[in-house]
Amino acid sequence: MRKAVIILPTYNEAGAIEQVINGIHEAVQENKNWEIHIIVVDSNSQDGTQEIVLRLIKKFPRLQLLQTKREGLGRAYIQGFQTAFEKINPYLIFEMDADLSHDPNKILEFLKKIEEGADFVIGSRYIKGGSIPKDWGIHRKIFSVGANLVIRFGFMKLRVTDWTSGFRAIKSWIIKKATPHVKNYSGYVFQVAILDFAIKNKAHINEIPIQFRDRVHGESKINSIQYIVQTFLYVFLNSSFIKFALVGLIGFVIDFGISYIFIENLKSAVWVGTFISSETAIVSNFFLNNFWSFAHKKLDHKLSAYLPNFIKFNVVSSGSILIQTIGVQLASNFFGRKLWYLYKVILIVFIIIPYSYVLYNKFIWKEK
Ligand code: GDD
Ligand code: MN
């Protein structure tokens, strides 16, 4: 029988914790394939949460309490994971809110997905069948939906619909491997960090719909401003796509600057200046992408890896120069040349960026 541990982080959840623990026991009773344990990680609640858990431990032998300092949700999870590995050594770990927002009856569905081969199952509020509470205020709705869209597009991983969900089943090997990466994220952003790490490490991700219920007891501990800032910062610093776009911008500045120096200051022939500047930008883009944007898939450190890929990179880049040249000319013929820079911007955003990003990923910085 495989072991699974459900981690329940709590801070002042006296009104809900008993019902959550009872609910989990009832929900998993029927299952024969898994030995299920619960670890409540309580960060010094002041409302009697721990007393309730200690009382329930007498009834449920597979229930434990871990007492920690209050250092944020991410820290609580990391400490819970460590205790689980030391004391239980499970195959699978669940993350779950302890305020009744997550329905324990979904647990078997998560387990089924794992049995079918998934490594990381997300309870999603944003796929068919999933939902957020209808009575959430407009701010909270916009925030939750918006944050997920920013993360999905920021990482260009559109297939994962709920990045911030706190109801998940994750295989232990992923958590063990991810710990050095995620241990610096002590707050709610931890959720985004561990999922990003899992995807970059080719975990097989799956989603099941969940209906998120608003808490009835106690209050949310989320600090929205801090959460928004940390989440956006995380995406900004960890997204290949955003880095790739910045490299493109740097390339543009280099290209333009060098052309200007050659043509205006050195009075070189226009084609000479243009050729030198665009090739310099291509070289710099190639290395910046290799060591920064796509650092997690960087090329092997030998000439036989660099040379063919550098040639491919030149071909892709020439393609984008060609698309721009023809595109801007055609648009100017149709709509007049006055707005040529507008056509260029539109072409870059809607054609050049997706074109190069897809080709780089497919042919140069491939998944290993
Ligand atoms: N031990 C511990 N320490 N537990 C904590 C802490 C902490 O510092 N902060 C929060 N928790 C516990 C809460 O007691 C609750 O059981 C769970 O973590 C979720 O916290 P809530 O305060 O209820 O979060 P929320 O409902 O506002 O946030 C929801 O959305 C987030 C973003 O989408 C949850 O579903 C989160 O899991 C999710 O990340
Ligand atoms: Mn909650």
Side-chain angles (χ1 to χ4, degrees), residues 6-21 23-24 38-50 52-53 64-84 94-104 106 122-126 130-133 135-137 139-152 160-170 182 185-196 210-232 234:
I6 300 171
I7 311 272
L8 295 174
T10 53
Y11 182 70
N12 290 346
E13 301 294 357
I17 189 67
E18 180 158 10
Q19 223 178 313
V20 174
I21 292 172
I24 294 174
I38 300 175
I39 300 180
V40 175
V41 185
D42 186 76
S43 299
N44 207 8
S45 292
Q46 302 300 311
D47 67 346
T49 303
Q50 295 199 4
I52 298 172
V53 177
Q64 301 183 30
L65 172 66
L66 175 69
Q67 295 163 305
T68 65
K69 286 195 286 228
R70 187 151 185 228
E71 295 171 317
L73 182 65
R75 273 300 290 160
Y77 268 122
I78 298 273
Q79 287 169 290
F81 297 155
Q82 264 153 12
T83 302
F94 276 87
E95 296 178 356
M96 184 175 173
D97 292 352
D99 58 358
L100 291 168
S101 287
H102 295 149
D103 180 2
K106 280 276 161 184
I122 304 168
S124 172
R125 299 161 292 182
Y126 301 115
S131 60
I132 51 177
D135 55 352
W136 263 8
H139 286 106
R140 191 153 183 204
K141 277 186 184 154
I142 292 176
F143 166 51
S144 183
V145 175
N148 266 295
L149 286 176
V150 168
I151 302 169
R152 281 168 84 183
V160 175
T161 64
D162 199 342
W163 281 77
T164 55
S165 170
F167 200 5
R168 300 155 160 195
I170 310 168
V182 299
Y185 302 100
S186 58
Y188 284 73
V189 69
F190 155 87
Q191 302 284 26
V192 178
I194 195 166
L195 176 52
D196 170 46
I210 59 162
Q211 293 167 333
F212 188 93
R213 280 172 303 193
D214 230 349
R215 64 157 70 234
V216 192
H217 311 276
E219 54 197 36
S220 167
K221 283 93 207 176
I222 210 161
N223 174 339
S224 304
I225 301 292
Q226 186 190 30
Y227 184 44
I228 295 173
V229 171
Q230 289 184 346
T231 303
F232 286 6
Y234 183 86

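Throughout, numbering of the chain's residues begins at 1 and tracks the sequence. Here the structure is a predicted model, which means the values were calculated and not measured. One-based numbering, in listed order, for ligands and for the atoms of each.
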Give the single entry among N12, D162, L73 that approaches atom 11 (N) of ligand 1 most closely by any heavy atom.
-> L73
Could I get the full list of ring pair (Phe, Tyr, Trp, His ring centres under 6.0 Å) partners for Y126, not counting sequence neighbours?
-> none
What is the closest protein heavy atom to atom 25 (P) of ligand 1, and at what distance does it sit?
-> S220 OG, 3.7 Å
Determine whether any heavy atom of R140 lies closer than 4.0 Å to an atom of ligand 1.
-> yes
Any N/O pair D42/ligand 1 closer than 3.5 Å = no
Selected option - heavy-atom contact closest to atom 20 (O) of ligand 1, from F190, Y188, F212 | Y188
Would you check whether G72 reaches within less than 4.0 Å of ligand 1, judged by its heavy atoms?
-> yes
Contact atoms of ligand 1, heavy-atom distance to G166 under 4.0 Å = 37 (O)
Do A76 and ligand 1 have an N or O pair less than 3.5 Å apart?
-> no
Nearest protein heavy atom to atom 12 (C) of ligand 1, by residue and atom, and its distance?
-> P9 O, 3.4 Å
Specify the protein heavy atom at minimum distance from atom 22 (O) of ligand 1: its residue, its atom name, and the distance to 0.1 Å.
-> K221 N, 2.6 Å
Pair T49, T10: side-chain N/O donor-acceptor within cut-off below 3.5 Å = no
Give the numbers and elements of all ligand 1 atoms closer than 4.0 Å to a heavy atom of R215.
-> 21 (P), 22 (O), 23 (O)
Under 2.8 Å from the Mn ion (ligand 2) - protein N/O/S, by chain and number | D99 OD2
Plane angle bin for F167 and H102 - parallel if under 30°, tilted between 30 and 60°, otherwise perpendicular = parallel
Which residue owns the protein heavy atom closest to atom 30 (O) of ligand 1, what's the atom, and how far is it?
-> R125 NH1, 4.4 Å
Within less than 4.0 angstrom of ligand 1, does Y227 place any heavy atom?
-> yes
Start with the C-alpha gap between L73 and Y11, add the side-chain angles, then the distance that decides, and say whether side-chain contact (heavy atoms from CB on, under 4.5 Å) holds.
-> CA-CA 9 Å; L73 182 65; Y11 182 70; over 6 Å; no
Within the structure, does S101 bring an N/O atom to less than 3.5 angstrom of an N/O atom in ligand 1?
-> no
Nitrogen or oxygen of E219 less than 3.5 angstrom from that of ligand 1 | no
Distance-only N or O hit between ligand 1 and A98, under 3.5 Å | yes
Check the angle between the aromatic planes of F190 and F81 and answer parallel, tilted or perpendicular using the 30° and 60° thresholds.
-> tilted
Which residue pairs pass the salt bridge (charged side-chain N to carboxylate O under 4.0 Å, His left out) test with at least one member in residues 140-151, sequence neighbours excluded?
-> R140-D214
What closest approach, in Å, do L8 and M96 show between heavy atoms, and which atom pair accounts for it?
-> CD2-O, 3.7 Å
Does any N or O atom in D97 lie less than 3.5 angstrom from one in ligand 1, N or O only?
-> yes
Closest to atom 15 (C) of ligand 1 among protein heavy atoms sits E13 OE2, 3.4 Å
Do N148 and T164 get their side chains close enough for a donor-acceptor pair, meaning under 3.5 Å?
-> yes
Contact (N/O only, under 3.5 Å) between D99 and ligand 1 | yes
Considering non-hydrogen atoms only, spot the tightest contact between I52 and I17 and give its length.
-> CG2-CG2, 3.9 Å
Can you name the nearest heavy-atom pair linking S220 to R215, along with the distance?
-> N-NE, 3.4 Å
Working for side-chain contact (heavy atoms from CB on, under 4.5 Å), residues V40 and I21 | CA-CA 9 Å; V40 175; I21 292 172; 4.1 Å; yes
Is a side-chain donor or acceptor of S165 paired with a backbone partner of G123 at a separation under 3.5 angstrom?
-> yes
Aromatic ring proximity, centroids under 6.0 angstrom, F212 and W136 | yes
Protein contact to atom 2 (C) of ligand 1 [nearest heavy atom, distance to 0.1 Å] | S43 OG, 3.2 Å
Enumerate the residue pairs fulfilling side-chain hydrogen bond (donor to acceptor under 3.5 Å, both in side chains) with a member in residues 65-76, sequence neighbours excluded, ordered by first and then second residue.
-> S43-T68, Q50-Q67, E71-R75
So is R168 in contact with ligand 1, going by heavy-atom distances below 4.0 Å?
-> no
